[in-house]
Amino acid sequence: MTVTDIDNGLMLRLRIEALNADYIHCIDDDRLEEWPDSFTEDGVYRVTTRENADLNLPVSLIYCQGRGMFHDRISALRTANIFEPHTYCHSVSALQILESTGGVHRTKSNFLVTRTMSEGAMMTFACGRYLDTIVEQDGALKFRERSVILESRRIDTLLVIPI
Amino acid sequence: MTVTDIDNGLMLRLRIEALNADYIHCIDDDRLEEWPDSFTEDGVYRVTTRENADLNLPVSLIYCQGRGMFHDRISALRTANIFEPHTYCHSVSALQILESTGGVHRTKSNFLVTRTMSEGAMMTFACGRYLDTIVEQDGALKFRERSVILESRRIDTLLVIPI
Amino acid sequence: MTVTDIDNGLMLRLRIEALNADYIHCIDDDRLEEWPDSFTEDGVYRVTTRENADLNLPVSLIYCQGRGMFHDRISALRTANIFEPHTYCHSVSALQILESTGGVHRTKSNFLVTRTMSEGAMMTFACGRYLDTIVEQDGALKFRERSVILESRRIDTLLVIPI
Amino acid sequence: MDTLQTNNAPEFVWPHDDTSRVPYRVYTDETLYALEQERIFRGPVWNYLCLECEIPNNGDYKTTYASDTPIIVVRDENGDINAMVNRCAHKGSLVCYKPRGNISELSCVYHNWVYNLRGDLLSVAFKRGVGGKGGLTDEFDNRQHGLEKLRVERFRGMVFGTFSDKTEPVSEYLGEELVASIDRVLIKPVKVLGYHSQIFPNNWKLYVENNKDSYHASLLHVFHNTFGVVRPTMGGGIKISDSGWHHLSYTQRTDIADDQIGKEKVRSRQDQYRLQDTRMMEHRLELGDNVTNSIQTVFPTLVVQQILNCLATRQLIPQGPNQSELIWTILGFEDDDEDMLALRVQANNLVGPAGFISMEDGAVGGWVQRTAKANGREMTVMPMGGRTIEPSEGSRVTEAAVRGFWKGWRDCMGI
Amino acid sequence: MDTLQTNNAPEFVWPHDDTSRVPYRVYTDETLYALEQERIFRGPVWNYLCLECEIPNNGDYKTTYASDTPIIVVRDENGDINAMVNRCAHKGSLVCYKPRGNISELSCVYHNWVYNLRGDLLSVAFKRGVGGKGGLTDEFDNRQHGLEKLRVERFRGMVFGTFSDKTEPVSEYLGEELVASIDRVLIKPVKVLGYHSQIFPNNWKLYVENNKDSYHASLLHVFHNTFGVVRPTMGGGIKISDSGWHHLSYTQRTDIADDQIGKEKVRSRQDQYRLQDTRMMEHRLELGDNVTNSIQTVFPTLVVQQILNCLATRQLIPQGPNQSELIWTILGFEDDDEDMLALRVQANNLVGPAGFISMEDGAVGGWVQRTAKANGREMTVMPMGGRTIEPSEGSRVTEAAVRGFWKGWRDCMGI
Amino acid sequence: MDTLQTNNAPEFVWPHDDTSRVPYRVYTDETLYALEQERIFRGPVWNYLCLECEIPNNGDYKTTYASDTPIIVVRDENGDINAMVNRCAHKGSLVCYKPRGNISELSCVYHNWVYNLRGDLLSVAFKRGVGGKGGLTDEFDNRQHGLEKLRVERFRGMVFGTFSDKTEPVSEYLGEELVASIDRVLIKPVKVLGYHSQIFPNNWKLYVENNKDSYHASLLHVFHNTFGVVRPTMGGGIKISDSGWHHLSYTQRTDIADDQIGKEKVRSRQDQYRLQDTRMMEHRLELGDNVTNSIQTVFPTLVVQQILNCLATRQLIPQGPNQSELIWTILGFEDDDEDMLALRVQANNLVGPAGFISMEDGAVGGWVQRTAKANGREMTVMPMGGRTIEPSEGSRVTEAAVRGFWKGWRDCMGI
Ligand code: FES
Ligand code: FES
Ligand code: FES
Ligand SMILES: [Fe+3]
Ligand SMILES: [Fe+3]
Ligand SMILES: [Fe+3]
């Protein structure tokens with residue numbers, strides 16, 4: 001591996017960290033309508049638990065495949081579903097690039113979501129791993145798949161804002 | 001945008017992450033007398049809440065403008081104010097470079113502060129965003145302005161150590 | 001300091017972040033048998049508290065010196081010790097490179113560990129600093145010493161999985 | 001007189017002549033909660049424990065709870081399923097501290113007392129002491145020191161346990177209509193497709209009422225009403241067991257014309273609201289009828305659910321007066337093909353903690369709990385469909401099943 | 001006999017012949033807390049709810065609390081301000097689950113019952129059922145099922161609510177001196193400049209005592225004493241309403257000579273301590289006098305504050321015996337110019353959760369709560385200024401106002 | 001009749017004729033916990049406070065707790081060690097809010113009342129008021145307003161405090177055997193090598209029982225049994241003070257042959273299990289005998305520990321019925337050389353929150369607490385070694401010391 005290869009690998013780290021940052025702030029800033037744009041047209045987003053993953057159980061808490069379903073998650077949140085207003089604050093770290101070939105990058109990172117209710121109550125709402133497949137698209141990076149693996153199977157009250 | 005531009009942008013990420021790391025450890029290590037040095041002479045530091053920011057309300061929890069007020073915050077903490085000893089442990093992540101022109105960089109990142117009291121009680125004390133204006137000064141980066149936007153309006157007991 | 005020096009320093013940041021990511025995921029993924037590989041053969045791992053560190057007290061919660069003791073920590077956890085199953089989710093951030101000479105790097109970063117019990121109870125289990133001495137070894141980075149300084153002296157129930 | 005009686009009934013008298021009004025105090029009172037442990041969960045009820053298919057092999061076990069009481073369900077060497085309290089008879093350690101596993105005997109780590117898979121004490125470590133010193137005296141009789149056992153019954157692949165000798169067989173307990181309705185849903189051998197858990201910041205009874213509350217479904221849930229899963233104008237109705245304890249509420253695709261209702265504007269009917277991708281609303285009629293939604297509730301804390309092709313059991317675990325945990329076990333049939341599995345994966349976006357339909361039931365419970373603190377003497381009112389506990393054919397606009405739940409609560413609590 | 005009476009007075013007798021001693025138990029006892037809900041916050045007191053300027057337009061609402069009771073304050077279509085308990089009359093859901101908004105009616109999401117902005121029940125969803133089945137019986141009378149209403153009074157731009165018919169009008173409740181003193185501070189129309197909240201790990205009464213405790217101000221707070229905001233040697237005094245329930249403590253720039261005090265060394269007087277930037281200590285005399293500090297307390301849980309140019313209301317919300325939340329509403333005058341606004345932004349470094357002065361009041365409450373657990377029978381002592389509840393002109397070195405608070409507490413609690 | 005009596009004994013009668021059975025209720029009951037505060041920790045017991053070497057210089061202080069009661073231990077200007085409740089006699093603020101320090105007087109930040117290092121009130125701020133107004137009346141007598149004092153005794157470098165006049169001197173309290181055994185461990189002046197704290201999610205008595213439970217050591221802890229620190233076949237035994245309150249359990253390297261035991265298979269004996277690095281199992285015989293393990297328990301909440309070369313005091317702090325904190329103070333001798341220090345650093349991998357041996361005692365307590373909730377009327381059984389409270393030479397396979405603890409508990413509680 002040449003120095004340049006290393007550099008490129010390291011540069012890729014930075015670009016993926018930037019992608020994660022964009023992803024997270026669009027959620028935490030409540031710009032949810034932009035959330036689908038981090039994914040490819042046919043992208044997959046699922047939220048499941050470590051328990052289900054370990055037991056190879058197929059059903060997720062959230063499963064979106066394709067722009068339509070991403071859009072529907074947000075439109076339902078905006079117009080159909082009832083819940084107490086709250087916001088997320090994401091921490092993300094420990095980015096690991098598992099594989100990177102032909103412009104397809106398989107990566108893993110850890111997240112921690114602190115939820116704040118409108119009256120001010122804060123709690124650690126979720127933590128776990130992002131397992132991602134990221135692809136190059138017109139010079140930008142997009143998620144072809146993001147699997148959110150929650151450490152705990154317990155969800156406090158409900159899950160409506162994507163993680 | 002050339003590869004070099006990209007690289008420069010990515011290099012800037014790293015320099016800002018280093019700046020954030022220096023900022024945080026000076027607080028978490030209780031080297032608070034060095035805290036003002038992360039700012040320009042006429043720098044601004046304010047701590048407010050997401051609620052106040054959303055409602056465009058001007059009053060902050062902490063407002064420092066210029067070295068004198070930074071110094072006074074620390075001298076009061078050291079000699080005047082009464083509170084139970086405690087320390088912070090910051091997590092910072094999701095750095096986003098919003099704009100970068102002419103050596104002035106507008107950035108955003110997320111923080112999470114865990115507070116530990118001298119007897120050992122730990123809690124998630126605060127989380128939210130850093131909204132920063134960073135400038136080049138003699139080859140180093142300094143905060144011209146750091147706005148701390150707390151997710152929750154609730155402060156447990158009191159806020160005395162800067163975030 | 002030339003631009004290249006800067007770049008090299010920044011590149012080092014990225015390599016150390018990658019090292020931290022590998023370290024953390026091997027723990028969080030429960031691949032603990034690989035944990036010793038992040039250290040040099042004669043590496044040192046210790047977990048102590050900020051209180052003990054501030055008072056210069058020598059005894060740690062965990063003290064491993066040399067591969068044998070690293071191995072024993074894991075074999076005991078796997079076969080000897082009794083505890084309720086749980087997992088960690090690490091956040092790591094604020095990497096600071098304190099010194100870097102002759103391929104020996106002294107660094108500091110912050111961590112936050114969220115513990116999840118098998119029934120789903122989550123808590124902030126620990127937070128604090130990593131104080132590391134990292135060396136180059138056949139083109140890779142290894143910990144010659146990792147000192148984990150816990151902010152709180154309080155450990156909930158027990159500490160068995162390394163931090 | 002039991003000197004350890006912690007649960008002496010509080011000076012609490014039901015404030016109303018029927019169960020159409022409920023005092024808020026029942027949702028927050030510590031003493032009532034302690035009494036519920038004794039008179040409901042350790043009383044004459046069947047507690048849902050797990051599914052047979054979760055412990056398929058001899059030696060397989062799973063831990064669960066009957067509210068505060070930790071329980072082991074285990075399949076013994078004869079293939080029988082036994083349940084016992086997960087508390088060592090010696091000094092009370094959890095015997096099984098892992099959620100599932102396969103074992104040949106139950107051995108407690110604290111002092112190595114060993115039980116068989118029926119809960120009988122097999123051996124006490126060092127019972128003869130050391131060098132003739134210490135150990136047990138002759139008066140000690142293993143037979144008096146087994147794990148506390150539950151009476152177990154299997155029903156349609158589900159495993160139930162009770163602490164009382166008086167509890168009648170499950171099928172009698174449920175009554176004909178519930179049996180028939182559960183048969184309809186669990187028509188074939190099932191397999192587990194996933195688990196979820198939801199922590200409700202509210203008393204368990206608020207969630208149970210929500211399940212029995214056929215009135216709310218089309219009013220709270222936009223997805224129910226707007227996309228025609230449960231609509232007031234759709235056919236169906238509710239049935240209630242003779243005891244009043246259990247109920248089922250079902251909805252059919254057949255529309256019953258009713259202008260007056262068509263006219264009534266409610267938030268939950270948003271005709272202009274559309275999905276871009278309707279795959280998750282797809283419904284394969286797999287149960288031989290056109291029922292879109294069939295909710296079976298079994299007193300005290302079980303729900304057997306069919307919503308379109310979303311099948312599940314929901315086990316509620318009360319955890320103190322102010323919290324409860326809901327365990328969702330998402331089901332499919334053993335013989336599901338790939339397409340059916342894919343359809344269920346899609347459809348399950350509707351249920352669970354993030355379900356477009358079910359998430360809202362998570363929200364309201366906590367809101368009631370918050371107001372319940374305000375003045376425990378005031379009462380809820382349940383006037384829909386009168387004050388009685390009657391089934392209702394063709395309409396779900398009644399609170400009869402909720403009133404039935406409160407009858408069951410009073411029957412058990414003796415209040 | 002109310003069978004739901006949860007709040008029967010505990011076997012608690014005031015242990016002293018006056019209120020110069022208080023048993024620590026009052027800060028930790030669950031039963032006393034429940035009784036406070038009933039006899040104080042839902043009793044003959046005025047609860048501060050919000051400011052008129054926070055709901056300027058018809059339809060504007062804001063949610064708040066009277067301790068544990070959630071409340072809606074709303075401006076109706078006539079511009080009148082009404083307050084009601086934020087609990088649906090049906091099954092008790094929160095009616096408003098967002099902190100603020102603008103609405104034309106109050107509609108509950110759970111079953112779509114709808115109320116007008118006065119809290120009267122307008123409609124019940126599906127009240128005629130479906131196809132003649134279900135729905136309400138004729139006995140149901142909307143008028144008996146409105147939201148629980150509070151009696152509301154506006155005073156100097158503040159909105160107060162009470163649950164009792166007996167509470168006298170606000171101005172009588174406050175008494176002449178408090179009215180005059182509040183007039184002085186709220187001299188012009190105000191606007192909100194910011195909100196803060198502080199969670200105290202202590203009983204609400206400890207914070208109220210702190211506010212009434214004119215003795216501590218110059219002893220705990222270095223900024224008060226060192227920079228001459230509140231100094232024992234400065235003029236002023238305290239006034240107490242005839243009821244003893246309310247008080248005001250004020251300080252003037254005029255120094256009253258007093259060698260003896262000049263000599264007394266206290267930690268809080270650090271003459272060598274200097275600020276590098278004194279902008280935040282600047283004081284524009286905007287209220288027509290030279291009063292640097294004027295604290296008005298209204299029983300039970302309101303403070304109206306002037307500290308230099310920092311104006312605020314502080315609303316305390318008891319949240320169980322061991323926690324309370326303080327809501328700071330930072331004020332300016334509608335006609336503030338840019339400079340005045342800038343000055344207030346600077347000055348507010350002195351108050352709020354991070355205020356150089358006020359932060360310390362946050363610290364001490366938790367410390368007392370921790371020691372209160374130790375032995376609930378022991379008592380605090382308040383000997384300063386004797387044992388009576390008398391105003392004191394020229395000196396704030398008295399605990400009379402705190403003793404007055406305890407009189408109010410005993411008046412309400414009947415203890 | 002004390003009208004503030006919060007702690008009136010609950011209607012609780014010991015359900016058994018001896019202490020070989022304990023009802024689970026004692027681990028969860030709030031009322032019993034409150035009673036323990038009064039009758040045990042503020043009763044006729046010696047509470048361990050700290051070590052003399054932690055406050056070596058005049059003016060050095062350290063804060064600690066006797067369960068819920070915060071305490072200051074301070075060395076005064078004469079070198080005497082005094083202890084007082086860390087609660088200001090005025091309004092109850094913590095007087096010392098930092099864990100350690102050096103002071104010449106105790107001054108409370110809230111209102112600047114000042115006490116000497118014996119706890120006597122020296123001065124009240126502004127006691128003459130201002131300009132003759134306010135301040136104290138003549139009836140106020142400083143001597144009646146000091147800090148609450150504990151009676152202090154030093155023993156072998158440890159500092160103990162009691163609230164009762166009746167508590168006999170420490171050496172009598174302990175009895176000859178405990179004195180001798182503590183002498184053996186604290187044979188020379190010690191120094192602190194480190195502090196740890198462990199939060200147990202369980203009642204304090206479960207951890208105390210664990211310490212007295214000589215039966216579990218070789219059964220729960222693989223490291224004890226497999227590596228021959230504590231093995232049933234090793235010599236030693238247990239001793240119990242005449243009062244039954246205190247005990248010591250010790251193990252010697254000498255093997256006592258016993259085939260029967262050799263044969264008994266237990267999980268904790270894993271002969272195939274090996275360490276790659278055995279440095280931490282090294283044992284320097286520094287106490288003049290071949291004892292590998294000697295655990296001294298002092299009623300109610302102190303352990304003095306020798307495990308190989310790991311010396312420590314363990315102070316347990318009950319924090320409500322469902323939580324307790326264990327403070328480990330890891331010790332060495334003042335005259336330790338470099339090698340000895342290095343050895344202790346290695347050896348301490350065995351103890352503390354992450355100790356290969358001790359971590360497991362952290363796990364089991366929480367498990368019992370969880371099952372204790374299930375049915376408070378049921379009882380643990382302690383049949384090993386009969387039902388009496390007798391020492392046992394040559395065998396640790398007895399629960400006599402645990403039964404002795406319960407005798408002590410009943411003696412104090414009057415139950
Ligand atoms: S507690 Fe189970 S063997 Fe002792
Ligand atoms: S609870 Fe409000 S309408 Fe039913
Ligand atoms: S509380 Fe200590 S001086 Fe007032
Ligand atoms: Fe529902
Ligand atoms: Fe104050
Ligand atoms: Fe042990």
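Quick note on labels: first sequence line is chain A, next is B, and so on, each numbered from 1.
The two atoms that bring E:Tyr110 and D:Leu219 nearest to each other are O-CB, 4.0 Å, heavy atoms only.
Without hydrogens or angle criteria, D:Arg370 side chain to E:Asp68 main chain gives no donor-acceptor distance under 3.5 Å.
Judged by the 6.0 Å and 45° rule, D:Arg396 forms no cation-pi pair with E:Phe126.
With respect to the salt-bridge test (charged N to carboxylate O, under 4.0 angstrom), the residues D:Glu390 and E:Lys133 do not qualify.
For E:Trp113, the ring pair (Phe, Tyr, Trp, His ring centres under 6.0 Å) partners two or more places apart in sequence, or in a different chain, are E:His90, E:Phe140.
Against chain E, the residues from residues 204-215 of chain D that qualify, each with a non-hydrogen atom under 4.5 angstrom away, are D:Glu209, D:Asn210, D:Asp213, D:Tyr215 in number order. The stretch residues 397-406 of chain D places D:Val397, D:Glu399, D:Val402 near chain E, each with some heavy atom under 4.5 Å from a heavy atom of that chain. Annotation: residues 91-100 of chain E contacts chain D through E:Lys91, E:Gly92, E:Ser93, E:Leu94, E:Tyr97 [non-hydrogen atoms, separation under 4.5 Å].
At a 4.5 Å heavy-atom cutoff, E:Phe41 makes no contact with chain D through either its backbone or its side chain. Within the 4.5 angstrom heavy-atom criterion, no atom of E:Val85 approaches chain D. Of the two parts of D:Arg387, only the side chain, counted from C-beta on, holds a non-hydrogen atom closer than 4.5 Å to a non-hydrogen atom of chain E. Proximity to chain D is absent for every atom of E:Ala66, based on heavy atoms less than 4.5 angstrom apart.
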